[in-house]
Each structure stands twice: as C-alpha cells, then as structure tokens.
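By convention in this document, chain letters (A, B, ...) are assigned in the order of the sequence lines, proteins followed by strands, and residues within each chain are numbered from 1. Heavy-atom basis, side chains included; hydrogens, waters and symmetry copies ignored.
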Protein chains: 2
Amino acid sequence: MIHKEDPFKANFDSLEEFADRISDLLQCPITIEDANHRLIAYSAHDDYTDPARTATIISRRVPEKVINSLWKTGVIPALLSSEEPLRVETISDVGLGNRVAVSIWKNNEVIGFIWALETGRTLSKDDMELLKKAAKAAKNKVLQLYMRKNKREERVQEFFWKLLTGHIKTNEEIHENFSAMQIPAAPRFSVLVFRFANGITSDLEKQISYILQTTQQVQVLLYTVERNDFILLVAPKSADQPLYELNQFISSFATKMKERFHINSIQSSFGGIYETFEYIEKSYKEALTVLSMKEKFPEQTFSIYGYQQLGIYQFFDLLLEKKQQGEFANSALTKLQAYDEKHHTNLIETYEAFFDHDSNVNETAKALNIHPNTLSYRLKRIAEIGEIDLHNMNQKVKLYIDIKLAKYEALH
Amino acid sequence: MIHKEDPFKANFDSLEEFADRISDLLQCPITIEDANHRLIAYSAHDDYTDPARTATIISRRVPEKVINSLWKTGVIPALLSSEEPLRVETISDVGLGNRVAVSIWKNNEVIGFIWALETGRTLSKDDMELLKKAAKAAKNKVLQLYMRKNKREERVQEFFWKLLTGHIKTNEEIHENFSAMQIPAAPRFSVLVFRFANGITSDLEKQISYILQTTQQVQVLLYTVERNDFILLVAPKSADQPLYELNQFISSFATKMKERFHINSIQSSFGGIYETFEYIEKSYKEALTVLSMKEKFPEQTFSIYGYQQLGIYQFFDLLLEKKQQGEFANSALTKLQAYDEKHHTNLIETYEAFFDHDSNVNETAKALNIHPNTLSYRLKRIAEIGEIDLHNMNQKVKLYIDIKLAKYEALH
DNA sequence: CATTATTTTGTGGATTTCCACAAAATTAAT
DNA sequence: ATTAATTTTGTGGAAATCCACAAAATAATG
C-alpha cells in the first residue's frame with residue numbers, strides 16, 4: 001500500500017474517527033494515549049486485540065505493569081527521545097503482543113502516543129512512515145485535550161490547596177466540590193507529601209504527575225505543588241492494610257523517580273488516614289510533622305513515613321519543651337550517664353540498642369559486637385545502677401523515652 | 001533499803017545529776033529518755049551496761065530494733081497507759097538485759113521514760129516505788145526540755161514550709177539556716193508526703209513524729225504538717241539504692257501506723273532525689289504530682305510511690321490535654337476498638353495485659369485465664385488488624401501509651 | 001607493681017518461647 | 001440449618017533465653 005499524498009489531510013471530527021481511519025489504512029487495531037498513558041481513543045472494528053489492549057480500554061488507562069515493563073525495556077525512553085516509530089516485540093508476562101508505537105509531539109514535548117497492534121500482519125517501512133504522519137496529524141486534537149486537562153488541573157489544584165489550608169471546612173461544601181470536579185469519592189484517604197531537595201520545576205512536576213497517573217497501587221485523588229513539596233491526596237484501596245499500601249506506594253515512587261529520572265533523596269511522609277474530608281487539613285499537618293521530625297531526628301526516623309508510625313516521636317516536641325523547663329529529670333538516666341562517664345562504659349548505648357532491637361538479646365549482641373552474656377551482664381548492671389526494674393514496662397519505657405529525648409535535645 | 005521520806009526532795013541542777021542520784025539509790029545503771037526515746041541523761045558510775053544501753057548512749061537514741069521489740073512485746077503500750085513501773089525480761093535478740101521502766105507523765109501525756117538496768121540485783125517492791133517517785137520528780141526538768149524542743153520544732157517547721165513553697169531560694173541562705181538550726185547536712189534527699197484520710201490532729205502528729213523519731217532506715221531532716229499531709233524531708237543513707245530505701249521506709253511506716261495506731265489508708269509518695277537544696281520545692285511538687293496521679297489513676301499506680309517510678313504517667317496530663325484537642329489519634333487503637341466492639345473480642349484488654357506483664361506470654365495467659373497459644377493468636381490478630389509491628393519498640397510503646405491514655409481519659 | 005574489682009567471654013543445662021500444624025469450639029453468614 | 005470463618009486449645013520439636021558458674025581480660029586502687 002503506497003500513499004503518495006497525505007491521507008490525513010481531510011478533517012476529522014473526533015479522535016475516535018481518526019483512530020478508525022488509521023486502523024483502516026494499516027489494517028490493525030489502533031490505540032491513542034495521552035502523555036500519561038490514559039486512553040484517548042481506540043479503533044473499533046477490530047477482530048482481535050491482545051490482553052494489554054483490552055485491559056487498557058476497560059480501565060481507560062494502560063495497566064501499570066505494562067508501563068513498568070515498557071520503561072524497563074527502554075521503549076518509553078526511546079519514544080520520549082525520538083519522533084520515529086518503534087517496534088516492540090512481544091512481552092508475554094504482561095500480555096503485550098507485537099506492536100509499533102510512535103510519539104505525538106508539540107514543540108519539544110511528547111503529548112501522546114499512537115499504538116498499532118500487529119495482529120495479522122507486520123507493518124512495512126511505508127506503514128511506519130504513515131504512522132509517523134498520523135502522529136503529526138493527531139497533534140492538534142490531542143493538544144486541545146491536553147490544554148483542556150491543564151485548565152481543569154489548575155482549578156482542581158486551587159481547590160486542593162484550599163482544603164489543605166482549611167479554607168473549606170464543612171463536609172457538604174467539600175463534597176459538592178468533589179462531585180462538581182468529578183473527583184471520585186473514596187472511603188478513606190491520607191495526605192502524602194514528597195519533599196524534593198530543590199524547588200519543583202514544571203518539568204519535574206510533569207514527571208511526577210506522569211508517575212502518579214500511571215500508578216495504580218493507590219488512587220491519587222488530588223495533588224498540588226508547594227515549593228519543594230509535592231502534596232497528594234491519596235486513597236488506599238484496601239480497608240485492611242492502608243498503611244502497608246501507602247508505604248509500598250512511597251517506596252515504589254522513590255524507586256521510579258530514581259530509575260527513570262535519576263532523582264534521589266526524596267523525603268516522603270503521610271498523615272493520618274481518615275474517613276471524612278474535614279480531616280484533610282489535619283492529615284496534611286501530620287504529614288508535615290513527620291517530615292519535620294525526619295529532618296530533626298533522622299537516625300531514629302529514617303524508616304518512618306506515616307504519622308502513626310512516628311509513634312512516641314509524635315509528642316517529642318511537647319516533651320522537649322517541658323524537659324527544657326527542668327521537668328522529667330530521670331535519676332536513672334543521670335546515674336547511668338555518670339557511670340558511663342566515669343568508667344568509660346556504654347550502658348546507655350547498650351540499653352538503647354537493646355530496645356531498638358526489640359529486647360532481643362542475640363540481635364542486639366550482634367549489632368553491638370559483644371557476647372550475648374556481656375549484654376545480659378550489662379543489663380543487670382543497668383538495673384542495679386539505675387535502680388530500675390527491667391521487668392516493669394512503665395519503667396523500661398520511661399527510660400527508653402528519656403534516652404531518646406536526651407539525644408533529641410542534644411541534636412536540637 | 002527503805003526510804004520513808006522522799007529522797008528526791010532536794011533540788012538538782014541537771015538530769016545527769018538526777019540520774020546519778022537514782023543510780024546510787026537503786027545500785028543500778030539509770031537511763032532517762034524523752035517521749036521519742038531520745039537520750040536525755042544517763043548515770044555515769046556504772047561498771048556494767050548491756051549492749052542496748054551502750055548503743056543508746058553512743059547514738060543518743062534507742063536503737064530502732066529495740067523500740068520495735070518493746071512495742072511487739074507490749075512494754076511500750078503498757079508504759080503509755082500506766083504510771084506504774086514495769087519489769088522487762090531479757091530480750092537477747094536485741095541485746096536487752098533485765099530492767100525496769102517507768103513513764104514520766106505531765107497531765108495525761110507521757111513525756112519521757114526512766115530505765116533501770118538490773119545488772120547485779122533485782123529491784124524490790126520498794127525500789128519500784130522509789131522509781132515511780134523518781135519519775136514524778138523528774139517531771140519538771142523533762143518538761144522544760146520538752147517545751148524547749150517544741151519551740152525549736154515550731155521554728156524549724158516554719159523554715160521547712162518556706163523551703164517547700166520556694167520562699168527561700170538561694171543555696172547559701174538555705175545552708176545558713178540549716179547550720180543555724182543544727183539540722184544535719186545530707187548528700188541527697190527527697191521530699192516525702194504521707195496523706196491521711198482526715199486532717200492531722202496534734203495527737204496524730206505526735207504519733208507520727210514518734211514513729212519518725214524512732215526510725216533509722218532513713219534520716220528525717222525536717223517535717224511539717226499541712227491539712228491531711230505529713231510532709232518530710234528525708235535523706236536516704238546509701239548512694240546506691242536511695243529509691244529502695246525510701247520505698248522500704250514508706251512500707252514500714254505504713255505497717256507501724258497500722259499495727260501501733262490502727263491507722264490504715266495512708267497514701268504515700270516522694271519526689272525526685274536531689275543533691276542540692278534548691279530542689280526541695282521541686283521534689284515536693286513532684287511528690288504531690290504522684291499523689292494526684294495515684295488518686296486519678298489508682299489501678300495503674302497503686303504500687304508506685306516515687307516520682308521516678310511514676311514513669312510514663314509523669315506526662316499523662318500533658319498528653320491528655322493534647323489528646324482532647326484532637327491530637328495523637330491512633331488508628332491502630334481505633335481499629336482495634338472497632339473490632340472488639342463488633343466481634344465481642346478482648347484485643348485491647350489482651351494487649352494491655354500482655355505489656356502489663358512485661359511481654360511474658362505465660363504470665364499473661366495465666367492472668368487472663370486463657371491458653372498461651374490463644375494469647376499468641378490474639379497478638380497476631382492485633383498486629384494484623386491494627387497494622388502494627390509488634391517487633392517495633394516504638395510502635396508497641398505508642399499503642400500501649402495510647403491505651404492507657406484512653407483509660408485515663410475515660411476516668412477523668 | 002601487686003592486689004582487687006569489674007567486665008567480658010565461654011560452657012552447659014534447665015526452662016521458656018516460638019511455630020507449625022491440627023482438632024475442637026464458637027461465631028458469623030448465606 | 002448448613003457452611004464458612006474465626007477463635008480457642010492442644011501437641012511436639014526446634015530455637016532461643018536464662019542462669020549459674022568459671023576462666024580470662026581489663027580497669028581501678030593503693
């Protein structure tokens with residue numbers, strides 16, 4: 001099939017119609033996606049489609065695992081760096097058959113993709129050329145969509161910011177806005193913050209937004225940007241393990257940012273998980289509290305992301321304030337410190353390590369490079385010197401807290 | 001030996017002289033004590049004295065174990081209820097040889113004792129009569145001492161009260177007063193409070209004072225009375241186990257008050273142990289904090305006396321305040337509560353009991369009357385439902401605190 | 001420098017904990 | 001009322017803890 005003149009010169013009303021036209025010309029199923037792999041249009045009269053395409057059409061977005069594998073195999077990076085069509089071999093793990101893809105460009109930016117599934121036949125050089133022309137012809141329509149989405153995005157972000165700062169209080173008002181903007185409802189949510197080392201440029205924002213759009217672990221209801229912080233309203237899917245899901249999300253986000261965009265050192269946190277929207281502001285503040293604590297007390301909190309996981313550190317600022325007014329003097333701690341000082345021992349360090357390792361003798365001994373019996377001996381001495389009963393939860397905990405608090409104070 | 005006329009008619013200059021006179025007449029060593037068993041005077045020209053008397057003279061007070069045994073054998077109660085001389089058989093445990101005692105009375109009150117040690121000879125009926133007369137004759141001189149002591153006591157109490165309320169601040173000023181009033185210095189001290197069910201009458205005050213004067217476990221530097229509270233400045237003797245000594249003191253005080261005066265239900269507490277006197281006010285406040293906490297949260301604190309032992313409850317009022325402002329919501333706790341509610345389970349109670357029993361599976365199971373495996377199973381469920389890692393000290397502790405805090409809030 | 005006190009490491013055995021598995025009992029759901 | 005899910009109790013064996021004791025190493029003291 002040879003097309004001397006541009007077969008896409010004629011106007012078309014919708015991108016669906018356009019997809020069908022390409023499909024007719026190339027004799028294979030066509031899918032058009034936006035830059036975030038959301039479905040824009042697809043050709044209708046095809047007899048066969050592979051599982052990946054089916055899933056894409058059903059959920060109106062490309063499945064996350066498909067996107068991940070397209071990144072890993074270098075397909076998407078190639079599409080983002082060249083206007084040339086690219087053949088993708090079958091990746092059967094994710095139900096992806098042979099296909100050819102091309103990116104749609106506006107100036108120096110990719111604003112979408114066209115996919116041609118090679119079901120019956122393999123595309124020729126000329127067919128590839130044709131696909132490239134199709135990409136150019138689709139530009140304007142995709143751009144319109146893109147602009148429209150951007151405008152909506154701005155309105156939505158403004159709304160989110162009002163929620164975060166508590167400028168919209170009543171549940172009714174919030175719900176009205178949610179449905180007006182077609183933001184899906186969710187039974188529970190949390191505010192999540194990614195804090196970057198530098199200010200978030202609009203380029204970076206697009207990259208983040210891209211990763212979020214292609215994430216299906218949690219539902220991202222809203223997001224906005226504030227200096228170095230990328231702030232999200234996210235809804236974990238399960239009622240059973242919301243914390244687990246959020247942690248997973250954070251970790252996979254960090255991995256993706258690192259692998260795909262070489263951005264390291266993102267600090268992440270999320271606030272409490274709540275069920276009604278009045279708590280958005282609170283959850284946000286809690287997320288900020290976690291970040292602030294992670295900054296001030298990094299060694300103790302590096303593995304903590306959620307406000308709940310922050311545990312006793314939630315009230316450390318409160319305790320510190322009182323401590324600095326001279327309260328909560330712990331004579332056990334004082335005595336142990338004095339003993340350590342005088343005899344060059346490590347009783348406090350030992351105590352701390354022991355409880356950091358969940359009162360597990362062997363683990364702690366290993367971590368401290370000492371014999372387990374040495375650890376036992378030291379604990380016995382700690383009990384004697386500090387006059388503290390190590391079988392008493394209350395006393396144990398108090399000393400543990402006081403040790404951490406002293407560390408915190410020293411860092412301050 | 002018969003003495004028709006009163007042999008004590010003649011004036012005498014000092015009680016020492018008087019003791020010698022009796023000793024001459026009865027041919028045995030004589031000791032005169034005040035109502036609190038402090039040595040007032042003793043006869044000098046005696047060839048033999050038993051260990052109890054020696055110790056009494058050396059330390060200028062009757063040893064505590066001797067007093068205890070005189071109470072147990074009913075000697076002191078008898079002396080306190082009758083003017084008649086009383087023979088005491090040897091109590092060899094405490095180094096007490098045979099002797100005769102008589103109490104010195106002023107109106108209806110005992111203000112001292114005279115002891116005659118039967119070293120060589122046994123006292124006859126007439127000798128006893130003589131001793132009784134001696135007690136009457138000693139009255140005035142002993143009373144003078146008694147009054148003088150009382151006056152000093154008043155001045156000292158006033159001074160102590162100023163210390164407690166922070167009206168004397170500088171260490172210098174405090175030290176000056178201490179030496180002016182001949183209060184012994186002590187390397188470390190704490191303020192201790194006994195709170196009685198009712199106001200402290202002057203009778204009760206005397207009884208308490210009596211017990212304190214005869215106590216040698218800790219050194220009582222100062223005391224005073226405020227409504228229902230008997231407030232003491234005490235100095236533990238050892239540097240190693242001051243807490244232990246103070247706890248012992250409290251427990252033995254309670255026992256004595258019960259056994260000797262049938263007074264139950266004393267609430268006791270003490271503040272921090274400090275080394276410089278500026279902290280007296282603070283220690284006092286801490287002691288009051290303990291008492292207040294014991295009142296508000298009795299089940300959790302019934303075995304706590306010292307401020308240090310109060311542990312995490314030291315900052316419960318602080319936490320409660322924040323909690324009531326809506327902070328520190330713990331979703332793990334919320335979920336567990338919901339689960340308990342819905343399925344009629346006891347997860348929270350189980351968790352609490354487990355840590356109250358120092359994470360000891362067997363003990364806890366016994367206390368809850370369940371199989372140890374049931375406990376394990378419940379803990380596993382708690383971890384799942386609350387999304388909490390039971391191998392993580394921080395998370396464990398936070399939930400424990402939050403459970404106790406919820407209880408505390410409910411009691412409020 | 002010698003002596004004493006304290007700390008560390010090692011050994012062995014009784015006890016306890018931890019788990020996996022399974023049967024019974026109870027509760028919830030259709 | 002039957003089925004399914006959850007909870008409780010039981011058994012047994014591997015692993016870990018605890019403890020007493022002792023030798024070696026180190027630190028403190030006169």
Between dT9(C) atom P and Leu379(A) atom CG, what is the distance in whole Å? 14 Å
At under 4.0 Å, does any side-chain N or O of Thr374(B) touch on OP1 or OP2 of dT7(D)? no
Under-3.5 Å donor-acceptor pair between Asn362(B) side chain and dT15(C) base: no
To the nearest angstrom, the NE2-P distance between His343(A) and dA5(C) comes to 13 Å
Minimum-distance pair of heavy atoms, taken over all atoms of Gln216(B) and Glu64(B): N-OE1, 2.5 Å
Nucleotide dT8(C), atom P - distance to CD1 of Ile382(A) in whole Å: 11 Å
OP1 or OP2 of dG10(D) versus the side-chain N and O atoms of His371(B): is any pair under 4.0 Å? yes
Lys366(B) NZ to dT8(D) P, straight-line distance once rounded to whole Å: 19 Å
Under 3.5 Å donor-acceptor pair, Asn373(B) side-chain atoms to dT11(D) base atoms: yes
Of the listed nucleotides (dT9(D), dT8(C), dG10(C)), which one gets closest to any side-chain atom of Arg378(A)? dT8(C)
Tyr339(A) atom OH is separated from dA27(D) atom P, nearest whole Å, by 13 Å
What heavy-atom pair brings Ala186(A) and Ala235(A) nearest, and what distance separates the two atoms? CB-CB, 3.4 Å
Between His391(A) (NE2) and dT17(D) (C1'), how many Å, whole number? 12 Å
Which whole-number value in Å describes the distance from Arg381(B) CZ to dT8(D) P? 10 Å
Among the nucleotides dT11(C), dG10(D), dC18(C), whichever has the atom closest to the side chain of Val361(B) is dC18(C)
For Asn360(B) and dA16(D), what is the distance between atoms CG and C1' respectively, to the nearest whole Å? 14 Å
Is the positively charged end of Lys404(B) above the ring of Phe297(B), judged by distance under 6.0 angstrom from the centroid and angle within 45° of the axis? no
Would you name the heavy atoms of His391(B) and Asp358(A) that are closest together and state the gap between them? ND1-OD2, 3.1 Å
Heavy atoms from other residues, nucleotides or ligands near OH of Tyr279(A) exceed 12 (cutoff 6.0 Å): no
Nucleotide nearest Tyr377(A) when distance is taken to its side chain, options dT7(C), dT8(D), dT9(D): dT7(C)
Of the candidates dA28(D), dG10(C), dT8(D), the side chain of His344(A) sits closest to dA28(D)
